[in-house]
Every structure is written in structure tokens, then in C-alpha cells.
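As C-alpha cells, the structure follows; a few thoughts come after it.
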Amino acid sequence: QSYMEKINSAQLPGILKDKDAKWKEGLKVLNASAENYYNIAKGNDDQAMLDAAEKLHADYEMMVRTLKPVSKEVDSYHKDLYVIFHKFYPAKDYNAIAGIIDNMIIKAEACTNAKLPKRLENKMEDYQKTVKELVEKTTALKEALKTNDGAVIDKAVDVMHSKYQDLEKLFD
């Protein structure tokens with residue numbers, strides 16, 4: 001709750017005033033998710049708690065993207081990764097993952113051609129190296145899916161997700 005107080009009291013700097021309306025709209029959604037999370041946390045329903053935490057996390061990520069999207073290509077990849085990691089993977093719905101993996105590979109490859117904002121150009125070498133690894137790990141998941149071995153697939157999903165997190169860390 002203390003973090004929500006800080007987010008709610010944050011003022012956008014002048015350079016971001018054009019995003020003020022979208023920020024305020026996002027705050028309403030984020031606060032509603034936080035209130036839902038607080039209420040569910042008082043109970044004993046673990047699945048409801050996980051669902052509420054997932055929603056809160058997703059809404060927070062949308063707030064971050066309002067201010068600081070890395071690139072449209074990385075964002076597009078992340079949208080599919082989010083579905084895999086938070087929906088299909090926990091449900092062990094490997095067929096659903098297989099249904100979008102080719103598109104994920106295309107999106108990962110598109111990241112290699114992304115133009116980074118000026119403020120991030122000094123990270124281009126690390127970005128390209130990490131994106132290359134992301135393409136490799138996404139392709140490795142496609143190969144893992146062919147095994148029909150849950151343990152192999154789960155590991156490949158985790159490795160791919162970790163590689164995406166490495167990519168995001170470049171921009172923290």
C-alpha cells in the first residue's frame with residue numbers, strides 16, 4: 001500500500017505532460033486492481049490471490065509502458081510472452097503455446113531491427129546480443145514443444161522468460 005501511495009503522489013515531469021491524461025486513466029485502473037488485491041488478500045483463496053496479483057502486475061506494467069516503452073517490437077513480443085507465461089504455462093496448455101510460437105519467433109526476430117530511443121542508443125551492443133539470445137531461446141522453446149515432455153517444455157519456457165527479463169534489465 002505504501003508503494004501505491006508513492007505512485008499516486010508521483011508528478012510527471014514537464015517533458016511527459018502530454019501523457020498526463022493516459023497516466024491518470026491508468027492510475028484509476030491500477031488503484032482498482034490494488035484495492036481488489038488488498039480485499040482478496042484478507043481471505044484464504046490462493047487462486048484468487050494469484051489472479052489478483054497477476055492483474056495488479058499487468059496494470060502496473062501498463063503504467064510503466066505509458067511512460068517508457070522500449071520499442072514497439074519489444075512490446076509486441078512481451079504481449080505474447082505475457083499470455084504464455086501467465087496463462088498457457090501455468091495451465092500446462094502446451095498446444096496453445098505451440099499455436100503462437102511461430103509468431104513469437106517472428107516477433108523476437110523483429111526485435112533485432114528495432115530502433116532504440118536516443119536515450120538508450122548507448123546500450124545497442126548489449127541489446128543486440130541479448131535479442132539474439134532471445135531469438136535462440138524462443139526457437140529452443142519451439143523445439144522443446146516437439147518433445148511433448150512437460151519438464152523439457154517448462155524449462156524452455158522459464159529460460160525464454162528469463163532471457164526476456166535480461167532484455168528488460170538493460171533498460172532499468
Side-chain angles (χ1 to χ4, degrees), residues 1-93 96-97 99-101 103-104 106-108 110-111 114-123 126-127 130-131 134 137-138 141 154 157-172:
Q1 288 177 328
S2 66
Y3 292 116
M4 282 304 302
E5 289 172 15
K6 289 178 184 177
I7 292 171
N8 281 310
S9 65
Q11 297 295 314
L12 297 183
I15 196 164
L16 296 174
K17 287 298 180 190
D18 62 320
K19 298 182 180 196
D20 194 56
K22 190 170 183 180
W23 176 261
K24 287 178 181 173
E25 182 181 305
L27 271 179
K28 289 177 187 174
V29 173
L30 184 62
N31 277 294
S33 290
E35 285 301 321
N36 184 51
Y37 177 83
Y38 304 148
N39 290 330
I40 289 174
K42 294 173 186 173
N44 294 323
D45 186 339
D46 289 345
Q47 187 58 52
M49 178 82 163
L50 288 171
D51 292 344
E54 179 185 338
K55 174 85 167 94
L56 180 61
H57 175 81
D59 291 341
Y60 173 78
E61 282 194 8
M62 293 311 295
M63 294 291 294
V64 171
R65 283 197 173 72
T66 298
L67 302 180
K68 193 174 137 177
V70 174
S71 74
K72 66 179 183 185
E73 295 86 358
V74 172
D75 193 47
S76 179
Y77 180 89
H78 181 257
K79 287 176 182 174
D80 284 354
L81 177 62
Y82 182 89
V83 171
I84 287 176
F85 198 73
H86 293 285
K87 299 288 183 198
F88 301 155
Y89 175 54
K92 305 298 184 203
D93 190 348
I97 296 172
I100 67 169
I101 195 63
N103 197 41
M104 289 283 296
I106 291 168
K107 288 181 177 190
C111 291
K115 182 166 172 51
L116 297 181
K118 264 197 180 311
R119 66 182 165 84
L120 301 173
E121 285 177 348
N122 63 329
K123 297 186 178 199
D126 290 335
Y127 172 82
T130 307
V131 166
L134 182 66
K137 301 309 178 193
T138 306
L141 174 56
D154 290 351
V157 170
D158 283 334
V159 169
M160 180 184 69
H161 184 261
S162 293
K163 188 48 59 183
Y164 176 79
Q165 288 177 316
D166 290 347
L167 181 63
E168 276 197 333
K169 285 178 194 167
L170 290 176
F171 307 108
D172 288 343

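- Closest approach of Met49 to Ala41, counting heavy atoms only: SD-CA, 3.6 Å.
- From Gln165, atom CD reaches atom NE2 of His161 across 4.5 Å, with rounding to the nearest 0.5 Å.
- In this structure, CG on Leu50 lies 13.0 Å from NE2 on His57, to the nearest 0.5 angstrom.
- Annotation: side chain of Tyr164 is in contact with side chain of Val74 (closest heavy-atom distance under 4.5 Å).
- Taking NE2 from His78 and OG from Ser71, the interatomic distance works out to 12.5 Å, rounded to the nearest 0.5 Å.
- Residues that satisfy the side-chain contact (heavy atoms from CB on, under 4.5 Å) test with Lys92, not counting sequence neighbours, are Tyr89, Tyr94, Asp154.
- Qualifying side-chain hydrogen bond (donor to acceptor under 3.5 Å, both in side chains) partners for Asp93, counting only residues two or more places apart in sequence or in other chains: none.
- Interatomic distance, Phe88 CZ to Asp80 CG, rounded to the nearest 0.5 Å: 8.5 Å.
- Proximity of a side-chain donor or acceptor of Ser76 to a complementary backbone N or O of Lys72 within less than 3.5 Å is not detected.
- Listed by chain and residue number, nothing satisfies the ring-ring contact (aromatic ring centres under 6.0 Å, His included) test with Tyr38 (two or more places apart in sequence, or in another chain).
- In this structure, the separation between CD1 on Ile101 and CE on Met160 is 5.5 Å, given to the nearest 0.5 Å.
- Under 3.5 Å, the side chains of Glu73 and Tyr77 contain no donor-acceptor pair of N or O atoms.
- Every pair tested for salt bridge (Lys or Arg N to Asp or Glu O under 4.0 Å) that includes a residue from residues 28-47 fails, sequence neighbours excluded, so the list is empty.
- Here the closest heavy-atom approach between residue Ala108 and residue Val131 is recorded as O-CG1, 3.8 Å.
- By the side-chain hydrogen bond (donor to acceptor under 3.5 Å, both in side chains) test, Gln47 is found to be paired with Asp51, residues two or more places apart in sequence or in another chain being considered.
- Atom CD of Glu121 and atom CG of Leu116 lie 7.5 Å apart (nearest 0.5 Å).
- Heavy atoms of other residues, nucleotides or ligands lying less than 6.0 angstrom from OH of Tyr60 number 12 at most.
- Residue Gln11 places its CD atom among 12 or fewer non-hydrogen atoms of other residues, nucleotides or ligands, all under 6.0 Å distant.
- When all heavy atoms are compared, the tightest approach of Val159 to Lys137 is CG1-CD, 3.5 Å.
- Under a cut-off of 6.0 angstrom, the local environment of OH in Tyr127 is crowded, with over 12 non-hydrogen atoms contributed by other residues, nucleotides or ligands.
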#### Entry: Worked check of side chain to side chain contact (heavy atoms under 4.5 Å, CB included) between Met62 and Val29
CA-CA 10 Å; Met62 293 311 295; Val29 173; over 6 Å; no
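- With sequence neighbours excluded, the residues satisfying side-chain contact (heavy atoms from CB on, under 4.5 Å) with Thr130 are Lys163, Asp166, Leu167, Leu170.
- Applying side-chain hydrogen bond (donor to acceptor under 3.5 Å, both in side chains) to Asn31 and the options Asn8, Asn36, Asp59 leaves one that passes, Asn8.
- Within a 6.0 Å sphere centred on CD of Glu25, other residues, nucleotides and ligands contribute 12 heavy atoms or fewer.
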